[in-house]
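If you're wondering where the values come from, they're calculated on a predicted model, not measured in any experiment. Chain naming here is simple, since letters A, B, ... match the order of the sequence lines and numbering starts at 1 in each.
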Number of protein chains: 2
Amino acid sequence: MTDRSSRRPRAPRGTLNRDRVLAAAVDLLDHAGPDAFTMRALAQRLGVGTMAVYSHFQGKDEIIDAVRDLLFAEVELPPADARRPPHAELRELCRAVYRLLSEHPSVLHLLATRPVQGDEGTLFAERALGLLRRAGLDGPAAARAYTAVMQYTVGAALWTARGRKVRAAQGCDDPAERLRSRFAGLPPDRYPCLTGLAPQLAAAQDGMPQYEHGLDALLTGLLGDPDGRG
Amino acid sequence: MTDRSSRRPRAPRGTLNRDRVLAAAVDLLDHAGPDAFTMRALAQRLGVGTMAVYSHFQGKDEIIDAVRDLLFAEVELPPADARRPPHAELRELCRAVYRLLSEHPSVLHLLATRPVQGDEGTLFAERALGLLRRAGLDGPAAARAYTAVMQYTVGAALWTARGRKVRAAQGCDDPAERLRSRFAGLPPDRYPCLTGLAPQLAAAQDGMPQYEHGLDALLTGLLGDPDGRG
DNA sequence: ACCTGAACACCGTTCAAGT
DNA sequence: ACCTGAACACCGTTCAAGT
């Protein structure tokens with residue numbers, strides 16, 4: 001199946017460009033992880049010599065920045081709809097970002113290291129801040145609320161990606177099951193809650209449902225209970 | 001001032017041990033950052049040959065795990081006090097973890113990659129879960145609430161560390177000011193909220209106050225308003 | 001048992017050279 | 001302008017050797 005030489009045939013001249021490099025970079029990151037994302041592996045996947053990539057990007061950092069902004073631009077922002085309550089629209093906006101970060105866990109590492117610079121990430125911030133204002137928050141409260149929501153989203157996605165990485169490293173068994181058995185095996189007299197709640201803690205490692213649970217609590221605390229006082 | 005040879009004198013035999021390696025590792029990580037944390041730099045700081053460290057640790061990963069657990073063990077857990085409302089005690093517990101992560105931003109990178117294995121991190125989880133149960137949450141709700149709080153704490157600390165890293169890289173100017181001027185310079189017709197709220201967004205990059213703002217909102221959403229219905 | 005230095009298989013990037 | 005291969009200065013780790 002694979003090339004005996006483990007080196008694919010060289011692509012003809014002039015076929016390399018920034019888009020092809022970025023597409024291969026996303027593939028490589030998502031498939032092999034950040035550690036395996038090397039300039040040599042990237043070039044090999046593209047069928048060119050290692051240094052060919054440097055004709056289109058200054059170096060690895062510029063590729064990483066471009067990948068981050070490219071993927072953030074792919075967030076499917078729900079259509080603005082003034083009739084819906086801002087709470088609900090904000091929730092969907094956040095879910096879209098979380099979904100992106102979950103589907104491309106490697107971006108997380110990149111997002112965590114350097115902030116988004118691209119225009120599309122900026123548009124997301126604009127939308128979110130507008131919804132927070134519409135929900136009745138003043139300037140400082142909206143800024144703090146936006147920051148808190150982003151902090152939680154990044155943290156939740158990172159938490160999930162961490163579980164996946166452990167699974168990939170340790171023979172592909174369920175990370176939730178590993179967590180459960182680790183907690184369940186602790187001495188119950190010293191850790192009564194932890195041992196008792198091991199199954200529930202494992203159940204909370206389920207990605208989107210857990211994210212929604214925390215997000216709803218956070219938004220309720222930030223905006224007030226939407227079903228409560230009215 | 002510095003050694004002309006840029007190589008410090010070798011330590012006498014038998015003075016190296018796990019504790020000295022870990023202390024040097026924490027120093028190196030906090031002072032020089034994760035990228036500069038190499039086995040060669042660590043050994044040089046200890047005044048031994050590179051391979052001497054391998055007599056005490058299997059490799060770099062084992063050192064990283066040990067550093068993470070060591071620092072997590074240093075979290076100053078507030079004394080348990082059944083008279084205080086669980087909401088307040090949980091808040092202090094979380095603040096202690098956030099403070100640790102902020103003071104040792106390099107640990108974050110490590111915490112984000114692999115979960116805490118050490119006993120002390122486990123003790124923190126036990127305390128937090130106990131408080132959530134005391135606050136009236138049932139098993140599944142307590143597990144989800146604990147996970148959400150940890151996710152938010154990691155995300156918030158990472159957010160702060162990211163700002164610091166940018167500052168260190170880009171000539172030491174204030175990261176909040178950089179963020180403010182970037183947002184303030186956007187076209188106001190396309191980004192009315194972002195340009196208008198640039199100062200408030202910059203003000204929200206203040207670490208602990210922002211963390212507390214989000215944490216209180218999250219706890220309120222998870223536990224119910226402590227001052228509200230009673 | 002503890003520590004060393006050389007060596008191996010990597011990495012990102014520079015550089016002179018090719019087309 | 002675009003791409004190449006050799007080379008440089010790194011990295012973590014293996015290994016045979018020293019004490």
task: Return the minimal non-hydrogen interatomic distance between Thr50(A) and Arg40(A), and the atom names on each side.
output: OG1-CG, 3.8 Å

message: Within the 4.0 Å heavy-atom criterion, would you say Phe37(A) contacts the bases, only the backbone, or no part of the nucleic acid?
response: sugar-phosphate

field: Residue closer to the 5' end of DNA chain C, Thr15(B) versus Lys60(A) (nearest nucleotide)
entry: Thr15(B)

field: Heavy-atom donor-acceptor pair, Gln58(A) side chain to Tyr54(A) backbone, under 3.5 Å
entry: no

message: Without decimals, in angstroms, what is the distance between Arg18(B) CZ and dA1(C) P?
response: 17 Å

message: Check this for me, if you would: do Glu92(B) and Arg95(B) make a salt bridge, where the nitrogen-to-carboxylate-oxygen distance has to be below 4.0 angstrom?
response: no

message: Using the side-chain heavy atoms of Thr38(A), tell me which of these nucleotides is nearest: dC11(C), dC11(D), dC3(D).
response: dC11(C)

message: Heavy atoms from C-beta onward define the side chain here; which of dT4(D), dA7(D), dT13(D) lies closest to that of Arg40(A)?
response: dA7(D)

message: Any side-chain to backbone donor/acceptor pair from Arg180(B) onto Pro199(B)? Under 3.5 Å, distance only.
response: no

message: Tell me the interatomic distance from Met51(A), atom CE, to dC2(D), atom P, rounded to whole angstroms.
response: 15 Å

message: Output the rounded distance in Å from OH (Tyr54(B)) to P (dT14(D)).
response: 7 Å

message: Check the orientation of Tyr211(A) and Tyr98(A). Use parallel for under 30°, tilted for 30 to 60°, and perpendicular for over 60°.
response: parallel

- prompt: Taking NZ, NE, NH1 and NH2 as the nitrogens, is one of them in Lys60(A) or Asp65(A) under 4.0 Å from a carboxylate oxygen of the other?
  reply: no

Separation of atom CG in Asp35(A) from atom P in dA9(C), rounded to whole Å: 21 Å

- prompt: To the nearest Å, how far apart are Met39(B) CE and dC10(D) C1'?
  reply: 15 Å

field: Value in whole Å for how far the C1' atom of dC11(C) lies from CG of Leu42(A)
entry: 14 Å

statement: Side-chain atoms of Ala52(A) come closest, of dC3(D), dC2(C), dT13(C), to dC3(D)

- request: Could you check how far CZ of Arg20(A) sits from P of dC2(D), rounded to whole Å?
  value: 14 Å

Between side-chain atoms of residues 21-34 of chain B and protein atoms elsewhere (two or more places apart, or another chain), which donor-acceptor pairs fall under 3.5 Å?
{"residue": "Asp30(B)", "atom": "OD1", "partner": "His104(B)", "partner atom": "ND1", "Å": "3.3"}
{"residue": "Asp30(B)", "atom": "OD1", "partner": "Ser106(B)", "partner atom": "OG", "Å": "3.0"}
{"residue": "Asp30(B)", "atom": "OD2", "partner": "His104(B)", "partner atom": "ND1", "Å": "2.3"}

- line: Each base of DNA chain C marked ( ) or [ ] if paired in-strand (Watson-Crick or G-U under 3.5 Å), | if paired to another strand and . if unpaired gives ||.|||||...|||||.||

Whole-Å distance separating the CD atom of Gln44(B) from the C1' atom of dT4(C): 16 Å

- request: Counting heavy atoms from C-beta on, name the nucleotide in dG12(D), dC3(C), dC15(D) closest to the side chain of His56(B).
  value: dC3(C)

